[in-house]
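Take a look at the structure below.
Counting starts at 1 for both ligands and their atoms, in listed order. Nothing here was measured: the structure is a model prediction, and the numbers come from that model.
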Amino acid sequence: MLNNFYILNLFKRVNEKKKIIIAIDGYSSTGKSTFAKEIAKMLGYTYIDSGAMYRAATLYCLENNLIAGDKIKTDELINDLDNIDISFQYNSGSHLFETLLNGKNVEEKIRTVYVSNYVSPVSKIKELREKMVAIQRNMGKDKGIVMDGRDIGTVVFPQADLKIFMTASAHIRAQRRYDELIEKGMDVSFKEIENNILERDRIDSGREISPLKKADDAIALDNSNISIEEQMKWLMNIIEEKLTK
Ligand code: DC
C-alpha cells in the first residue's frame with residue numbers, strides 16, 4: 001500500500017509549486033484513464049478523458065445518419081459541426097466529469113462496442129479534431145489538469161509539464177477491455193475486442209492528422225505486467241525527481 005502521509009506530503013509539495021498540466025497518451029486500453037484518474041485524485045486535479053469527446057462525436061454521427069455502412073459522411077459531418085456540443089458535467093458522487101452530448105449525459109452509451117467500432121475513422125476528420133482541440137485547450141487554461149488521449153502531449157498541450165506515453169501488449173489490452181465489458185454485463189466476444197483494438201491502433205497511429213505517437217519529451221511506460229500501485233510508485237519517483245530539479 002502507498003503511504004497516505006507520503007502522498008499528502010507529495011501533494012502539498014506539488015501544489016506549493018505552480019499547478020501543472022499532465023498529458024497521458026497511448027494505445028487503446030492501456031489503462032490510461034485508470035492511471036490518469038488516480039493521478040488527478042492524488043493531486044486534487046481535474047481529469048479529462050479526451051477520447052470521450054471523440055466517442056460522443058461518433059455517437060452523434062450514428063444517431064444522425066452520418067455513417068452509412070462503413071463510410072462516414074465527412075462533408076455532412078463538417079457542415080453539422082456547429083450542432084455538436086460536447087461538454088463535461090461534474091458528478092459529485094464519483095468525483096468525475098461525465099460526458100454530455102448536446103446537454104444529454106451519454107457517459108454509458110459512448111462506451112459500447114458499437115461506438116468503439118466507428119470512433120477511429122470519425123477521429124481522423126481534421127475539422128472535428130480542430131474543434132475538439134480548441135475545447136481541450138480551453139479546459140487546460142488554468143492548469144491543474146490531467147488529460148489522456150492520443151495527441152495530448154504532441155498537439156493539445158505540447159508545453160505540458162509532464163508527458164507519459166503508455167503501451168502494453170495487444171493481447172493483455174484486449175483481455176482487460178473484455179473483462180471490463182463482461183463485468184458491465186455486455187455481450188461481447190474476445191476476438192471482436194482484440195480485432196477492434198488492433199484496428200484502432202492501426203488507424204490511430206497511421207492517420208495523417210495528429211497520429212498517435214510518443215512526444216520526444218514523453219516518458220514511456222509499458223504496463224503489460226505491472227499493477228496500478230506499481231505505476232503510482234513509478235510516477236511518484238518521477239514527480240520527486242522533477243521537484244528536486
Ligand atoms: O481513449 P479511447 O479509447 O476512449 O479513445 C477513443 C478513440 O478516440 C481512439 O480510438 C482514437 C480517438 N482519440 C483521438 O483521436 N484523440 C484523442 N486525443 C483521444 C482519442
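- Nearest protein neighbour of atom 16 (N) of ligand 1, counting heavy atoms only, is Arg129 NH2, 3.0 Å.
- A donor and an acceptor atom, one from each side chain of Arg176 and Thr30, are nowhere located under 3.5 Å apart.
- Given atom 20 (C) of ligand 1, the protein heavy atom at minimum distance is Gly51 CA, 3.5 Å.
- Distances between N or O atoms of Ser28 and those of ligand 1 include no value under 3.5 Å.
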Q) Between Arg55 and Ser116, is a side-chain hydrogen bond (donor to acceptor under 3.5 Å, both in side chains) present by the stated rule, with each step listed? A) CA-CA 7 Å; Arg55 286 175 178 273; Ser116 297; 3.1 Å; yes

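- Without hydrogens or angle criteria, Lys163 side chain to Pro158 main chain gives a donor-acceptor distance under 3.5 Å.
- Panel note: side chain Arg173, backbone Ser28; a donor-acceptor pair is recorded below 3.5 Å.
- Judged by distance alone, the side chains of Asn196 and Glu192 never bring a donor and an acceptor atom under 3.5 Å apart.
- For the pair Asp148 and ligand 1, the shortest N or O to N or O distance does not fall below 3.5 Å.
- At a cut-off of 3.5 Å, with distance as the only test, no side-chain donor of Tyr27 or Asp204 sits close to an acceptor on the other residue.
- Looking at Asp151 next to ligand 1, an N or O pair under 3.5 Å apart turns up.
- Taking the six-membered ring for Trp and thresholds of 30 and 60 degrees, Phe35 and Trp234 have ring planes inclined between 30 and 60 degrees apart.
- Contacts with ligand 1 closer than 4.0 Å are made by no heavy atom of Met132, backbone or side chain.
- Ranking the protein heavy atoms by distance from atom 4 (O) of ligand 1 puts Arg55 NE, 2.7 Å first.
- For atom 6 (C) of ligand 1, the nearest protein heavy atom (residue, atom name, distance) is Arg200 NH1, 3.5 Å.
- Between Tyr90 and His95, the ring planes lie tilted relative to each other; the angle falls in the 30° to 60° range.
- A donor-acceptor pair is defined here as one N or O able to donate and one able to accept, closer than 3.5 Å; no such pair exists between the side chain of Asp25 and the backbone of Leu212.
- Taking only nitrogen or oxygen atoms, main chain and side chain alike, Asp204 reaches within less than 3.5 Å of ligand 1.
- With a 4.0 Å heavy-atom cut-off, ligand 1 is reached by the side chain of Arg207 but not by its N, CA, C or O.
- Taking atom 19 (C) of ligand 1 as the reference point, the nearest protein heavy-atom neighbour is Ser50 OG, 3.3 Å.
- For atom 2 (P) of ligand 1, the closest non-hydrogen atom of the protein is Arg150 NH2, 3.6 Å.
- When Ser123, Ser29, Ser120 are ranked by how near their heavy atoms come to atom 12 (C) of ligand 1, first place goes to Ser123.
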